[in-house]
Amino acid sequence: MTTGFIQQHKRSRHCGAFRDEHVGQQATVYGWVQSYRDHGGVIFVDLRDRTGIVQLRFEPSHGNGTAHAIADKLRTEWVIGARGEVISRGTNINPKIPTGAVEILVDEVTVLNEAKTPPFEIKDEIDTNETTRLTYRYLDLRRPKLSANLALRSRVNQLTRRYFCEDHDFLELETPILAKSTPEGARDYLVPSRVHPGEFYALPQSPQQFKQLFMMSGMDRYMQICRCFRDEDLRADRQPEFTQLDLELSFVDVDEIRTLLDGYVSLIWKAVKGTTVPTPIPSITYQEAMDKYGIDRPDLRFGLPLSDLTEKLAGRATFRVFTDAFERGGIVKALAIPDGSSLTRKDLDKTLPAEAAPFGARGVAWARIAEDGAWSGPVAKGLDDALKTELLAHMEVGPGALILFVADKASVVNASLARLRQVVGDRLGLIDPEMDAFCWVVDFPMFEYDEGAGRWFAMHHPFTSPMDSDVGMLDSDPGKVRAKAYDLVLNGIELGGGSIRIHRSDVQDRVFALLGLDEAERRDKFGFFIDALSFGTPPHGGIALGMDRLMMLLCGADSLRDVIAFPKTQRASDLMTESPSEVSPAQLEELHVRTVVPTPDA
RNA sequence: GGAGUGGUAGUUCAGUCGGUUAGAACGCCGGCCUGUCAAGCCGGAGGCCGCGGGUUCAAGUCCCGUCCACUCCGCCA
């Protein structure tokens with residue numbers, strides 16, 4: 001094993017780059033042994049790097065036979081360098097790989113490093129347990145799919161910087177990672193201070209206040225591809241640290257920000273997928289999204305809107321499930337499927353209720369409309385004929401239809417029907433996997449009331465500006481105030497959201513007051529920020545996009561873990577480095593921290 | 001905090017009603033083989049059945065607990 005080879009022979013090009021046009025050239029390649037096929041005479045070795053695979057050929061009688069003798073000993077994942085002539089494979093081409101028309105007839109080969117047999121094979125088709133993959137993440141990342149995802153991510157980052165910084169006058173500015181803990185929002189990751197005993201920094205949930213301060217500083221347009229941290233429980237599309245494309249602009253209103261983002265996603269989708277995103281991206285109000293789809297991030301790749309039947313059924317339907325819901329102040333909504341024939345009795349009795357149950361639905365009532373117009377199913381006998389006719393007209397369906405009903409309080413009804421709509425859309429093949437349906441969700445309520453806490457909370461965040469027309473209702477009817485907030489949604493996934501911010505301290509004061517923050521708390525948590533507002537703050541607003549989710553959608557991945565180099569598990573641990581871990585008593589001492597770990601009962 | 005699914009060879013899995021020596025495929029090791037590219041043929045090695053209890057003559061299998069991973073609810077301004 002020698003590195004002398006490297007000094008003498010520079011790489012000609014990456015493995016995946018060889019083509020017909022290189023035939024006749026001398027070439028030097030480096031990479032990992034993907035596979036070797038020893039035919040007793042000729043030996044073929046597939047050499048892999050992150051760009052692809054090229055076939056090496058070793059002939060026993062070629063040169064003095066040394067290269068062939070070394071090739072005979074090669075094993076998978078050994079790191080080698082090889083030098084030889086690029087030759088055409090003639091009619092023996094391999095159409096499955098881009099380099100399949102050529103191979104390298106090797107004159108000289110050197111083993112740069114041997115390798116143990118890896119715990120799983122380095123190829124895309126394998127379905128290895130995620131635990132093993134994460135423990136040996138560096139091996140997992142050798143797989144073509146994952147390395148391509150990371151390469152694509154790099155490219156998107158470059159395009160992003162060019163679009164905003166070069167084409168639209170943004171400055172790429174950095175914000176602190178050691179920041180101040182904030183009262184509302186997600187749980188903070190905390191960092192103890194050594195020099196301030198008993199005090200803590202928080203890792204930023206987002207650079208929200210700093211980016212607004214940049215506007216107050218006159219930076220005019222700010223962008224950052226930044227890491228954010230939230231100590232909340234994880235999902236397939238949620239990691240404890242994630243990357244946000246963070247933007248903030250001065251002297252703009254909602255329309256200008258939307259237009260800017262429309263241009264951005266169009267550019268990225270064109271460059272990466274080659275598809276054209278129709279712009280302007282359509283918008284839907286929060287209220288309409290909730291009414292029609294039961295959720296504030298609707299998947300618009302297919303129809304199947306929900307219908308609110310509360311008014312029609314109240315006082316007229318005798319079906320027990322409905323009357324019970326009405327007595328408790330609930331509502332009834334329905335998902336009408338024009339052709340429900342492919343959904344079986346088992347779907348109706350088991351599968352669909354099981355899908356709805358996690359959202360609190362105690363059941364899914366249904367009615368099937370036969371070709372002759374006759375109703376069957378549990379709901380049928382609780383409705384008179386006139387009502388049935390009225391409902392069908394209202395939902396715009398007829399014979400052959402299947403109607404799914406959920407009756408409960410509004411939050412349960414919407415959440416479970418939103419889920420059922422997705423499941424049914426998928427089952428019936430209504431979702432075109434090639435389609436990308438973007439939309440803006442706008443006109444969010446400013447506040448939501450928390451029954452448990454007995455107070456109002458900011459739906460977006462406390463710096464969000466109310467709509468000009470609604471400012472008057474701040475004190476009289478906070479629930480009706482709409483915010484200048486917007487979410488960008490793609491195929492039912494929230495890509496990001498933002499708002500126009502409050503730039504006047506009197507309005508900010510009124511919002512803080514409404515949120516129940518007294519003077520002392522305001523000074524303690526946001527004192528510097530309130531001060532800053534009073535020194536000439538320009539009107540401004542911004543948005544943040546989840547880059548991990550965006551990459552997940554661009555890569556067609558099901559999980560963020562496939563687009564993040566070193567992701568964490570659902571319990572936020574890193575299986576490779578075994579973090580988090582205990583630290584030495586001396587380290588804790590220095591930080592003035594004592595741990596109190598609950599001991600399991602003996 | 002809660003619900004569900006899973007954990008058996010390096011990997012992916014099978015393992016019947018609790019009953020002989022826990023199997024298969026791929027990978028790995030050795031041999032053969034001159035155009036393969038998911039190479040082929042022959043042979044071989046490889047097991048703390050996640051961990052700890054319990055029931056039983058007997059546990060991979062049944063029961064209890066626990067750990068880990070995944071999916072979801074709550075949570076994520």
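Every chain is numbered from 1, with letters handed out A, B, ... down the list of sequences. Computed over heavy atoms, backbone and side chain alike; hydrogens, waters and symmetry mates excluded.
RNA chain B is contacted by both A:R75 and A:I97; A:R75 maps to the nucleotide lying nearer its 5′ end (nearest heavy atom per residue). Across the interface with RNA chain B, nearest-nucleotide mapping of A:S61 and A:P462 shows A:S61 to be the residue nearer the 5′ end.
Using a 4.0 Å heavy-atom criterion, one finds that A:F463 contacts no nucleic acid atom at all. In this structure, A:E103 reaches the bases: a heavy-atom distance under 4.0 Å links it to at least one base atom across the strands shown. Among the heavy atoms of the strands lying under 4.0 Å from A:T76 are primed sugar atoms or P, OP1, OP2 only; no base atom is included. Contacts of A:E125 with the nucleic acid, taken as non-hydrogen atoms under 4.0 Å apart, are absent. Residue contacts shown for A:Y36 are limited to sugar-phosphate atoms, with no base heavy atom under 4.0 Å away. Here A:F44 lies in heavy-atom contact (under 4.0 Å) with a base. The residue A:Q205 sits apart from the nucleic acid: no heavy atom pair falls under 4.0 Å.
When rounded to the nearest whole Å, the span between CG of A:D237 and P of B:C76 equals 15 Å. The distance between atom NE2 of A:H39 and atom C1' of B:C37, rounded to the nearest whole Å, is 8 Å. Between A:R238 atom CZ and B:C70 atom P there is a gap of 14 Å when expressed in whole angstrom units. The separation between A:L575 atom CG and B:C68 atom P is 10 Å, rounded to whole Å. A:R37 has its CZ atom 11 Å from the P atom of B:G40, to the nearest Å. Atom pair A:L352:CG and B:C72:P shows a separation of 18 Å (rounding to whole Å applied). In this structure, the CG atom of A:D188 is 12 Å from the C1' atom of B:C76, given to the nearest Å. Regarding A:Q55, its CD atom lies at a distance of 13 Å from the C1' atom of B:U34, rounded to whole Å.
Only the P atoms considered, B:G10 is 16 Å distant from B:A22, to the nearest whole Å. Of the C1' atoms belonging to B:C29 and B:A69, the separation is 31 Å, rounded to the nearest Å. B:C32 sits 14 Å from B:A39 when the C1' atoms are compared, rounded to a whole Å. Comparing B:A9 with B:A14, their P atoms sit 12 Å apart, to the nearest whole Å. Here the separation of B:C68 from B:A25, taken at their C1' atoms, is 26 Å to the nearest Å. Rounded to the nearest Å, the gap between the C1' atom of B:U56 and that of B:U11 is 35 Å. For B:G50 and B:A38, the C1' atoms lie 32 Å apart once the distance is rounded to whole Å. Of the P atoms belonging to B:A3 and B:G47, the separation is 38 Å, rounded to the nearest Å.
Side-chain N/O atoms of A:N94 and A:Q55 include no donor and acceptor closer than 3.5 Å. When only modelled atom types and interatomic distance are considered, A:T569 and A:S573 share a side-chain donor-acceptor pair under 3.5 Å.
Using the six-membered ring where Trp is involved, A:H22 and A:F18 have ring planes that are perpendicular, over 60° apart on the 30 and 60° scheme. Note on ring orientation: taking the six-membered ring where Trp is involved, the planes of A:F463 and A:F526 are perpendicular (angle over 60°, cut-offs 30° and 60°). Ring pair A:Y449/A:W456 is perpendicular by interplanar angle, where above 60° counts as perpendicular and below 30° as parallel.
In terms of phosphate contacts, A:R297 brings no side-chain nitrogen or oxygen within less than 4.0 Å of OP1 or OP2 of B:C76. Distances shown here put a side-chain N or O of A:K96 below 4.0 Å from the OP1 or OP2 atom of B:A38. Between A:T569 and B:A69 there is a side-chain polar atom (N or O) within less than 4.0 angstrom of OP1 or OP2. Dashed line: the shortest gap from a side-chain N or O of A:R187 to OP1 or OP2 of B:C76 is not under 4.0 Å. Checking the phosphate oxygens (OP1, OP2) of B:A38, no side-chain nitrogen or oxygen of A:S35 falls inside 4.0 Å. At the phosphate of B:A69, neither OP1 nor OP2 sits under 4.0 Å from any side-chain N or O atom of A:R133. Contact annotation: A:R57 side-chain N/O to B:U34 OP1/OP2 distance is not under 4.0 Å.
No salt bridge links A:D518 with A:R523; every basic N to acidic carboxylate O contact stays at or beyond 4.0 Å. Comment: A:R227 engages A:E241 in a salt bridge, judged by a side-chain N to carboxylate O separation of less than 4.0 angstrom. In summary, A:R522 and A:D509 engage in a salt bridge, as defined by a charged side-chain N under 4.0 Å from a carboxylate O.
Across every strand in view, B:U71 sits in a pair with B:A3 that passes the Watson-Crick or G-U test at under 3.5 angstrom. Nucleotide B:G52 forms a pair with B:C64, judged by Watson-Crick or G-U wobble geometry with both contacts under 3.5 Å. The pairing partner recorded for B:C76 is none, the criterion being a Watson-Crick or G-U wobble arrangement whose two distances lie under 3.5 angstrom. Using the Watson-Crick or G-U wobble rule with both distances under 3.5 Å, B:U21 pairs with nothing in any strand shown. Nucleotide B:C29: paired with B:G43 (Watson-Crick or G-U wobble, both distances less than 3.5 Å).
By the side chain to side chain contact (heavy atoms under 4.5 Å, CB included) test, A:S416 is found to be paired with A:A356, A:F359, A:A361, A:V406, A:V412, residues two or more places apart in sequence or in another chain being considered.
Side-chain proximity of A:T117 to the nucleotides B:G74, B:A69, B:C28 is greatest for B:C28. Distance from the side chain of A:A186 is smallest for B:C76 among the nucleotides B:C76, B:C68, B:C70.
Relative to the ring axis of A:F457, A:R455 places its NZ or CZ within 45° and under 6.0 Å from the centre.
Across A:L514 and A:P478, no two heavy atoms sit closer than the pair CD2-CB, 3.7 Å.
You'll find the ring centres of A:F210 and A:Y222 outside the 6.0 Å limit.
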Apply side chain to side chain contact (heavy atoms under 4.5 Å, CB included) to A:L74 and A:V45, showing your working.
-> CA-CA 9 Å; A:L74 293 178; A:V45 168; 4.1 Å; yes

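Contacts between residues 84-94 of chain A and RNA chain B, defined by a heavy-atom separation below 4.0 Å, involve A:R89, A:N92, A:I93, A:N94, listed by number.
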For nucleotides 4-15 of chain B, read 5' to 3', which letter fits each nucleotide if B means a protein heavy atom sits under 4.0 Å from the base, S means only the sugar-phosphate is that close, and - means neither?
-> ------SSS---

